[in-house]
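Working notes for the structure below.
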Number of protein chains: 2
Amino acid sequence: MSLTEKVDKRAHILAVAEQLFADKGFDGTSVRDIAQLANVNLAMISYYFGSKEKLLEALIEDRAGYTLGIIEELAKNQTLTPWDKIDKLVDFYVERIFNNFRFHCIMSQQYNHARSPEIKELIINIKMRNLEQIKKVIADGQKKKIFCKVDIELTMASVFGTLTHITNSKSLYCRLMKVDETDDLTYRKKIAPRLKTHLKQMMRAHLDFKNEE
Amino acid sequence: MSLTEKVDKRAHILAVAEQLFADKGFDGTSVRDIAQLANVNLAMISYYFGSKEKLLEALIEDRAGYTLGIIEELAKNQTLTPWDKIDKLVDFYVERIFNNFRFHCIMSQQYNHARSPEIKELIINIKMRNLEQIKKVIADGQKKKIFCKVDIELTMASVFGTLTHITNSKSLYCRLMKVDETDDLTYRKKIAPRLKTHLKQMMRAHLDFKNEE
DNA sequence: CCCAAAATTAAACAAACGTTTAAATTAAAC
DNA sequence: GTTTAATTTAAACGTTTGTTTAATTTTGGG
C-alpha cells in the first residue's frame, strides 16, 4: 500500500469519526460504529490513533489549525477600515461555520462535556487565540473613534453565539423560518446570505460611534 | 414513608441527574453514577422512571413548563411599550439562564445529540412556543413603527445565541474577561448585569426605527 | 395485629463498551 | 527470493452499561 493510501485511510477514519461524533456525540459513538462505517477493522483505530480519545484529539488538531492564520492577517491589515474588517470577519465565519458545521458541533459538545481536561484546554486555547485577534479589531475601531463604547467580550459572544446557535439549533430555526431542513444545499443558500446581512446590519448599528453622541 | 418524602426522593434523583447530565453529558453519565450520588439503590431509577431515557424525559418535562406562561403574558400585555417588553425579556432570560444553567446545558446537548426523536421533538416544541411569543413582540413593535425592519428570526437567534454561548463557554469567557470561574456567585454578580446591559444596548441600536430613515 | 400494596434491596442478566492479543497478510529492503 | 517490518485481521479480553429479577423490608388501612 502506498503512502498516499495510508494517509487517505487515516484521513478517512477521521472523516467518518467527525460525522459520527457530530451526529451522535462522542460518548454516543462507539469505535465499532466508526470502524463499520469506515469499512476498516476495529483494531485499526487503536493501531492508528492509540485510543478513541486520542482519535478525538487528532481530529481537533487536524481541523483547528486553519482559522488562526487568516484572522491574524486580517487583524493586522492596515489598509482595511474597521468596518471592512467587521464585514470580512462576518463573511469569513459564516462561510466557515457552514463548511465545518460537523466539526463545530464536536467543538461545542466537547467544550461542555470533555472527558479529559487536556481536550478542554486544547479547545479553549484555540478559541482564545481567535478571540484575542478579534478583540484587537474592535478595540482598534474604538481608538479611531469609529466604533462606540461597547462591551467587547459580549459583543464577540453575540456574533459567535448567533452563529453557533443557528448551527446547533438548525431544525428549530428551519421550522421557524419555514425552510426545508432536509436539503442541505438550499438551506445554506438561503440562510448564509441572511446571516451575513443580519450580523453586519446588527454590528453596524451596535458599533456605530453615533451611539455615543 | 410519607407522601412528601416520596416526592422528595423522586425530585432528589431528578436533581442529581440534572447535575450529572449537565456535567458529563447524558451518555457520559451512568445510572450507577446517579444512584451513587443520590444515595439510592440502582434499581430505584427504573422503579421510579422506567428507564434512563424516561428519566431524562421526566426531567425535561419537569423543568420546562415554567417559562411559557410568563412570556405569553408579557407578549399580550397592552400597557407596556415594545421597548419595555424587550428590556423585560432580556432581564427575564438572563435571570432564567443563570438560575437554570444546568438544565440549559442539558437542553442544548440533547437538542444536538438526542438519542430518541421524541426527546428532540419535545425540546423543539418547547422552544418553538417561546420563540413564537417573542416574534409577536418584535412584529408588534415594527407595526407600530417603533422598531425598524430586521430579520426577526435571526435577531432572536442573536439574543438566545448570546445567552447560550456565554453559558456554554463559561470557562472561555471567564478567562477572556478575567473573572474567577470557580466562584459561581461573584461570577453571576459580575456577568448577569453586564449581559443585561449589553443585550439591551445592542437591541436598542439594532431595532431603532431611526435606522430605516 | 394482619395483610396486601408499595418500596427497597442485592444479585444477576445479557449486551455493548474500549482495548489488546497473536496470528496472518502485505509491503519494502536488500 | 529471502527477510524484516508494517499492516490487517478475527478473536478474545475484562469492564461497564442499562435493565430485570426475586427476595426482603416498609408502609398504611381494616
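This structure is a prediction, so every number in the text was calculated from the model and none was measured. Throughout, protein chains are lettered first and strands after them, A, B, ... in sequence-line order, and every chain is numbered starting at 1.
Base pairing of C/dA11 is made with D/dT20, judged by Watson-Crick or G-U wobble geometry with both donor-acceptor distances under 3.5 Å. Base-pair partner of C/dA4: D/dT27 (Watson-Crick or G-U wobble, both distances under 3.5 Å).
In this structure, OH of B/Tyr48 is placed 4 Å from P of C/dT8, rounded to the nearest angstrom. Following rounding to the nearest Å, A/Lys54 (NZ) and C/dG18 (P) show an atom-to-atom distance of 16 Å. A/Gln36 places its CD atom 15 Å from the C1' atom of D/dA10, with the value rounded to the nearest Å. The CG-P distance, from B/Leu42 to D/dT19, rounds to 10 Å in whole Å. With rounding to whole Å, B/Met44 atom CE is found 15 Å from D/dT21 atom C1'. Rounded to whole Å, the distance from CG on A/Leu56 to P on C/dT19 is 12 Å. B/Leu20 places its CG atom 12 Å from the P atom of D/dT17, with the value rounded to the nearest Å. Atom CZ in B/Phe49 sits about 15 Å away from atom C1' in D/dG18, given to the nearest Å.
Using a 4.0 Å heavy-atom cutoff across all strands shown, A/Ser46 reaches at least one base atom of the nucleic acid. Among the protein residues, A/Ile45 comes within range of no part of the nucleic acid, since none of its heavy atoms lies under 4.0 Å from any strand.
Residue A/Lys9 places none of its side-chain N or O atoms closer than 4.0 Å to OP1 or OP2 of D/dT7. Contact between the side-chain N/O atoms of A/Tyr47 and the OP1/OP2 oxygens of D/dT9 is not found at any separation under 4.0 Å. For A/Ser30 and C/dA16, the shortest distance from a side-chain N or O to OP1 or OP2 is not below 4.0 Å. Phosphate contact (OP1/OP2 of D/dT17, side-chain N/O of B/Lys52, threshold under 4.0 Å): absent. In terms of phosphate contacts, B/Asn41 brings no side-chain nitrogen or oxygen within less than 4.0 Å of OP1 or OP2 of C/dA7.
Separating the OG1 atom in A/Thr67 from the CD atom in A/Gln133 is a distance of 12.0 Å, to the nearest 0.5 Å.
A donor-acceptor pair is defined here as one N or O able to donate and one able to accept, closer than 3.5 Å; no such pair exists between the side chain of B/Glu181 and the backbone of B/Leu172. Listed for the A/Lys85 side chain is a donor-acceptor partner under 3.5 Å among the backbone atoms of A/Ala75.
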Exercise for the section: Check the pair A/Asp33, A/Lys24 against salt bridge (Lys or Arg N to Asp or Glu O under 4.0 Å), reporting the backbone distance first and the verdict last. Expected result: CA-CA 10 Å; A/Asp33 290 337; A/Lys24 319 203 292 171; 3.1 Å; yes

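The nucleotide whose nearest atom lies closest to any side-chain atom of B/Arg32 is, among C/dC17, D/dT9, D/dG18, D/dG18.
For B/Lys127 and B/Tyr111, the positive end sits near the middle of the six-membered ring, less than 6.0 Å away and at most 45° from its axis.
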